[in-house]
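Written below as structure tokens is the structure these notes are about.
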Amino acid sequence: MEDNKKQSKKKKLALHWRILLGMLAGVVFSLVLVATPWGSEKITILQGGKELELSNANHFVRNWIKPFGNMFINSLKLIAVPLILASLIKGVADLKDISKLSKMGLRTVGTYVGTTLVAVSIGLIMVNLIQPGTTISEDTREELMSNFSADAGSKISAAEEQRESGPLRALEDLIPNNIFFAASDNGNMLQVIVFAIFFGIGLILIPEEKSKPVLAFFDGFNEVILKLIDLIMMVSPYGVFALLAALVVEAPSQDLFFALLWYAVSVIAGLVLMVGFYVMLVRIFTKKTPNFFLKGISPAQLLAFSTSSSAATLPVTMERVEENLGVDKDVTSFVLPIGATINMDGTSLYQAVAAVFIAQAFGMDLSFAAQLGIIATATLASIGSAAVPGAGMVMLVIVLAQAGIPEAGLALIFAVDRPLDMLRTSVNVTGDAAVSMLVGKSFGKLN
Ligand code: ASP
């Protein structure tokens, strides 16, 4: 009896608390492990032919804990493409009419671009107010540049490819030439979306007796995927435990973190303001309370924080927005996959702060016109960023290049990029959820 009671109490603990506990336990576990005499002892291992000095704690967590975190992220990523395909095809076909589709499409993309512009502007205001770049001493700057220039180099060359292409390349890339090829890479999410919308349009245009079985198939397929999300979420507290435990042991030295404190504060303050902006939008346009909104979306936010990937979080974002925020499936299945791919407000805000911070650290004075240019490029760069960890930093190279800021400056912000990536990804996901509530409301599809 007692046991039963205990069990039902345990079951009642809301998902976001369980995830939060998992995260905390992961952090504490690694901190304690690192602090033990055995954990802090250094050993040398051979990795890729090179000798690497690690602490015992780091070695243990890498070998025995991190793989479980990777398995968890992979299982989420695994269902992202099938989920987008099934839900978007069904979502488009359910609209039953092309003019409704284009109306929803325009409203969705318009709102997404609007929130992104606000995000970049908030970022610029914060970085100009706080002026974090001026707090960096010459020595720290040199230390950062020498420690991280190799890492920065790899991001710069990743961005090189994007830049070498012509102005219409991004548009050209929207159309896949092979759906299986597009669907085989999570970075091609936008192509999968285009295919799904195109397929959905085809379904609308054929006679109903022909489209019915196809729709029924995708309907059932969608249900299966949703069930898989439930199953994965059952282990999410353990998954985030492993992810955070690994992050803690692999984190770079704290000293660098403090040197970049004001930069991090500028990004974080901007992100907090952005969440405030969403809450206000939701309150004004849908009359839902901040508590309702934030509580409903919090498991997705925590997962975005732990995985640093909007794409991996998408399945959970969809489930929460539908079931907890009351937005109709017709809307979420259209608005959220697109949002996870193109709407990255947190990323665009961070890119604006980072670009100006690097300029400040190099003693450059950015003109008003150059800052306006950053608004445009950061908006486009965030649309072009893939929804995976660290993607925002690759696209930042393009923002820097456009504004004439030295790209090597990327090395300055490397040390704190991961924690900021975690935070901006949470904001990216929150923005998608807020916009889907607004679009839902405007079509009368919000409970
Ligand atoms: N990690 C981010 C996301 O998936 C993208 C980025 O800013 O790096 O939303």
Side-chain angles (χ1 to χ4, degrees), residues 69 72-74 76-77 79-81 83-84 112 115-116 119-120 122-123 151-152 154-156 158-159 162 185-190 192-193 240 243-244 247 263-264 266-268 270-271 274-275 278 297 300-318 335-355 357 374 377-400 410 413-436:
F72 173 62
I73 296 200
N74 284 347
L76 281 167
K77 287 186 181 161
I79 53 175
V81 167
L83 174 71
I84 290 185
Y112 277 150
T115 55
T116 305
V120 185
I122 291 181
D151 297 324
S154 73
K155 296 272 174 192
I156 293 171
Q162 316 238 11
D185 177 358
N186 282 349
N188 283 336
M189 221 67 111
L190 216 48
V192 176
I193 287 178
V240 296
L243 288 174
L244 286 217
L247 263 179
Y263 158 68
S266 314
V267 176
I268 295 170
L271 293 176
M274 198 58 205
V275 173
Y278 296 137
I297 195 64
Q301 288 172 320
L302 293 174
L303 215 60
F305 181 82
S306 312
T307 61
S308 283
S309 168
S310 324
T313 314
L314 177 66
V316 179
T317 317
M318 290 187 74
V335 177
L336 287 174
I338 297 180
T341 320
I342 69 164
N343 183 48
M344 300 201 183
D345 299 342
T347 299
S348 63
L349 190 152
Y350 140 85
Q351 285 169 337
V353 175
F357 166 76
I374 290 180
T377 48
T379 302
L380 293 175
S382 71
I383 292 175
S385 302
V388 296
M393 200 179 204
V394 173
M395 296 304 276
L396 173 62
V397 175
I398 294 171
V399 180
L400 294 177
L410 221 55
I413 57 169
F414 225 96
V416 288
D417 201 63
R418 186 58 200 250
L420 295 182
D421 191 4
M422 297 160 81
L423 290 167
R424 66 187 188 245
T425 308
S426 299
V427 171
N428 291 344
V429 166
T430 313
D432 299 341
V435 171
S436 57

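Order of appearance sets the numbers: ligands from 1, and atoms from 1 within every ligand.
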With A387 via side chain to side chain contact (heavy atoms under 4.5 Å, CB included) - residues at least two apart: S310, A311, M344

Residues T317 and D432: side-chain donor-acceptor under 3.5 angstrom: no

With L380 via side chain to side chain contact (heavy atoms under 4.5 Å, CB included) - residues at least two apart: none

Non-neighbouring partners of A434 that pass side chain to side chain contact (heavy atoms under 4.5 Å, CB included), sequence neighbours left out: Y278, V282, F293

For ligand 1, the residues whose heavy atoms come within less than 4.0 Å (ordered by chain, then number): S308, S309, S310, M344, T347, A386, A387, V388, P389, G390, A391, G392, D421, R424, T425, N428

Minimum heavy-atom distance T313-S309, with the two atoms named: OG1-O, 2.6 Å

Q351 side chain to G392 backbone, donor-acceptor under 3.5 Å: yes

